[in-house]
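Reviewing the structure listed below.
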Amino acid sequence: MVKSFNERCYDLLRRVPRGRVTTYGEIARGLGCSAFRAVGNAMNKNPYAPEVACHRVVGADGKIGGFASGCEHKIELLKMEEVEVVDGKVVDFEDKFFRFRVPKTL
DNA sequence: CTAATGACATTTG
DNA sequence: ACAAATGCCATTA
């Protein structure tokens, strides 16, 4: 059996170093698709937690979005990773935004 | 297989 | 800028 979509999401999430954040769309894009919805679904289930750092995943606008254990807790975890969060949004989000190896036209 | 859902993203009013 | 509506893809019931 090939790795399911969720496993691939977690695999990319594992590549995200501490102090960095990524978005659902980037993860889906890294998988070669645009299933940002499916990515969020995988995080919510998170059968691989806490091995995966699902708290490092935020919205396209750097917004926290939500968290299975409470968005507040997610912010606390991010602050623990040197990631400042204000008004439910990541500070310098684009600066801390971790991009995967996406074969884009550049 | 069909229907419903979801921690999103994008476009329009 | 914000709210609502629509699109999107995969998973689960």
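From a predicted model like this one, the values you see are computed outputs, not experimental measurements. Naming convention: chains lettered A, B, ... in sequence-line order (proteins, then strands); numbering from 1 in each chain.
- The side chain of A:N41 contributes no N or O atom lying less than 4.0 Å from OP1 or OP2 of B:dG6.
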Quick one, A:E26 with A:R99, criterion salt bridge (charged side-chain N to carboxylate O under 4.0 Å, His left out). Give me CA distance, side-chain angles, the key distance, then yes/no.
CA-CA 7 Å; A:E26 203 57 38; A:R99 292 185 175 180; 5.4 Å; no
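- Listed here is the closest heavy atom pair of A:E82 and A:R18: CG-NH2, 3.5 Å.
- An OP1 or OP2 oxygen of C:dA10 is reached within less than 4.0 angstrom by no side-chain nitrogen or oxygen of A:N6.
- The distance from atom CG of A:N46 to atom C1' of B:dA7 is 10 Å, rounded to the nearest whole Å.
- When rounded to the nearest whole Å, the span between CG of A:N44 and P of B:dC8 equals 10 Å.
- Rounded to whole Å, atom C1' of B:dA7 lies 14 Å from atom CZ of A:F5.
- As rounded to whole Å, 11 Å separates atom C1' of B:dA7 from atom CD1 of A:I27.
- The existence of a salt bridge linking A:K63 and A:D61 is excluded, since no basic side-chain nitrogen approaches an acidic carboxylate oxygen closer than 4.0 Å.
- Straight-line distance from the OH atom of A:Y48 to the C1' atom of B:dA7: 19 Å, rounded to whole Å.
- Between the A:Y10 side chain and the A:A42 main chain, a donor and an acceptor come within less than 3.5 Å of each other.
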Between N or O atoms, less than 3.5 Å apart, protein on one side and nucleotides 11-13 of chain B on the other: list the pairs.
none

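- For the side-chain contact (heavy atoms from CB on, under 4.5 Å) with A:H55, the lone residue among A:V21, A:L13, A:I64, A:L77 that qualifies is A:L77.
- Salt-bridge annotation for A:K79 and A:E84: absent, with no side-chain N of the basic residue lying under 4.0 Å from a carboxylate O of the acidic one.
- In this structure, A:C71 reaches neither bases nor backbone, as no heavy-atom distance under 4.0 Å exists between it and the strands shown.
- Each of A:C33 and A:R37 was matched to the nucleotide of DNA chain C holding its nearest heavy atom; the match closer to the 5' end belongs to A:R37.
- Summarising the geometry of A:L31 relative to A:C9, their closest heavy-atom pair is CD1-SG, 3.6 Å, with the distance given to 0.1 Å.
- Across all strands, A:F67 comes closer than 4.0 Å to base atoms (heavy-atom distances).
- Atoms CG (A:L12) and P (B:dA7) sit 21 Å apart, rounded to a whole Å.
- Across B:dA7, C:dA10, B:dA9, the shortest atom-to-atom separation from the side chain of A:A35 is found for C:dA10.
- Two residues, A:S34 and A:K45, neighbour DNA chain C, and the one matched to the more 5' nucleotide by heavy-atom proximity is A:S34.
- Distance, A:H73 NE2 to B:dA7 C1': 15 Å, rounded to whole Å.
- A straight line from NZ of A:K3 to C1' of C:dA10 spans 18 Å, rounded to a whole angstrom.
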